[in-house]
2 protein chains.
Amino acid sequence: MDVTTIELDQVLRQGGYRATSPRRIVWDALRRAAGHVTVEELAAEVGDEVDLASIYRALAVFEELGLARMSRLGDGDAGRWEPAHPDEHFHLVCTECGDVDHHIGSLVAQIRDHLDEGHGFQTDNVELVVNGRCRRCRS
Amino acid sequence: MDVTTIELDQVLRQGGYRATSPRRIVWDALRRAAGHVTVEELAAEVGDEVDLASIYRALAVFEELGLARMSRLGDGDAGRWEPAHPDEHFHLVCTECGDVDHHIGSLVAQIRDHLDEGHGFQTDNVELVVNGRCRRCRS
DNA sequence: TTGGGTGCAAACTCTTTGCAGCGTT
DNA sequence: AACGCTGCAAAGAGTTTGCACCCAA
């Protein structure tokens with residue numbers, strides 16, 4: 001699923017929300033970003049076109065519609081946003097160089113299956129953040 | 001490893017920190033708690049014996065010494081603390097009843113191995129939070 | 001036309017920090 | 001005696017909210 005700006009309007013309306021200019025602008029900025037952007041970075045990207053409060057509100061709507069996703073990659077870090085990826089994925093955070101690697105694999109599906117079968121737990125959402133040292137920094 | 005109050009003093013000193021009364025009180029409260037306590041809850045537990053700022057500072061020291069661990073179980077939630085568990089573990093959070101289940105298993109070790117062998121990533125810390133519906137709420 | 005959405009500013013929560021005095025080493 | 005730690009109060013970051021106006025449906 002690649003939600004373009006045009007499709008965004010439909011998804012919003014189907015969810016009972018209005019298709020507005022600020023939401024389109026925030027969505028475009030989020031897609032344009034390489035991922036893992038803070039709200040502040042998004043604000044810088046959209047300049048003064050959209051108010052900070054409206055960015056927060058837009059992202060909350062996107063999250064509810066399953067369009068976007070927030071993670072906290074460090075202890076006291078601010079929330080970082082990215083378009084929701086259809087494939088389950090998780091984040092490798094290098095504590096040395098700060099690099100964040102997107103990792104798509106079967107691990108999340110394995111976790112889901114394991115919990116469903118063994119524990120009767122119906123998984124909605126898996127938040128997996130792995131801290132460590134990446135290959136380059138391992139020396 | 002079960003770090004009692006008496007052992008705490010040793011661990012602190014070995015780490016280059018002083019063994020003080022506020023740290024002992026916070027540590028005892030953390031161990032007495034069922035786990036997953038917020039700083040505010042700890043503050044209520046210790047009454048006015050220890051200042052809020054000192055609780056934060058004590059927990060930061062415990063984390064550095066590997067004695068305690070913080071997780072964020074929900075999107076906008078405050079940090080929740082627990083004594084560090086020797087076995088790798090993760091959290092199952094039921095979005096229906098709010099119950100948090102500690103889950104100890106081989107999953108975290110599997111993740112560690114997978115990343116080390118396949119990607120050269122040396123894992124320090126795995127933060128895994130699974131949201132969903134527990135067996136009871138599944139109806 | 002109507003009510004959901006927006007900008008603006010103020011408030012709020014969680015957490016950190018500066019500083020003078022206290023207590024561990 | 002020295003200096004790390006504490007309480008207190010104030011500041012700071014990130015995020016939310018109240019309200020009047022605006023605009024999508």
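Every value quoted in this text rests on a predicted model; they were computed, and no experiment measured them. Here is how names work: the chains are called A, B, and so on, in the same order as the sequence lines, proteins then strands, and each is numbered from 1.
A ring-ring contact (aromatic ring centres under 6.0 Å, His included) check over residues 115-134 of chain A, counting only residues at least two apart or in different chains, returns the pairs A:H114-A:H119, A:H119-B:H103.
Taking atom CZ of B:R80 as the reference point, atom P of C:dT13 lies 16 Å away to the nearest angstrom. The nearest whole Å value for the distance from the CD atom in A:E64 to the C1' atom in C:dG5 is 15 Å. Atoms CG (A:L65) and C1' (C:dG5) sit 15 Å apart, rounded to a whole Å. Computed from coordinates, the A:L12 CG to D:dA25 C1' distance equals 13 Å when rounded to whole Å.
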Problem - Verdict with reasoning, B:V39 to B:Y56, per side-chain contact (heavy atoms from CB on, under 4.5 Å) - result: CA-CA 7 Å; B:V39 171; B:Y56 277 103; 3.6 Å; yes

Problem - Worked verdict on A:Y17 versus A:V11 for side-chain contact (heavy atoms from CB on, under 4.5 Å) - result: CA-CA 8 Å; A:Y17 295 101; A:V11 177; over 6 Å; no

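Not one N or O on the side chain of B:R24 forms a donor-acceptor pair closer than 3.5 Å with the backbone of B:L8. Judged purely by atom type and a 3.5 angstrom limit, A:R112 uses its side chain to pair as donor or acceptor with the backbone of A:T123.
Within residues 41-49 of chain A, no residue is approached by DNA chain D to less than 4.0 Å at the level of any non-hydrogen atom.
Taking five base pairs at each end of the helix from C:dT1-D:dA25 to C:dT25-D:dA1 and finding the rotation axis that steps the C1' atoms of four pairs onto the next four gives two axes whose angle is 40°, to the nearest 10°.
Checking each of A:E127, A:E64, A:E63 against A:R69 for a salt bridge (charged side-chain N to carboxylate O under 4.0 Å, His left out) leaves exactly one that passes, namely A:E127.
The aromatic rings of A:H36 and A:H102 lie perpendicular to each other, with more than 60° between the two planes, well past the 30° mark.
Not counting sequence neighbours, the partners of A:D116 by the salt bridge (Lys or Arg N to Asp or Glu O under 4.0 Å) test are B:R138. Partners of B:E82 under the salt bridge (Lys or Arg N to Asp or Glu O under 4.0 Å) rule, at least two apart in sequence or in another chain, do not exist in this structure.
Residue-environment remark: CD (B:E40) stays at or below the threshold of 12 foreign heavy atoms within 6.0 Å.
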Exercise for the section: Going 5' to 3' through nucleotides 14-25 of chain C, assign each nucleotide B (protein heavy atom under 4.0 Å from a base atom), S (under 4.0 Å only from sugar-phosphate atoms) or - (no protein heavy atom that close). Expected result: SBBBB----BBS

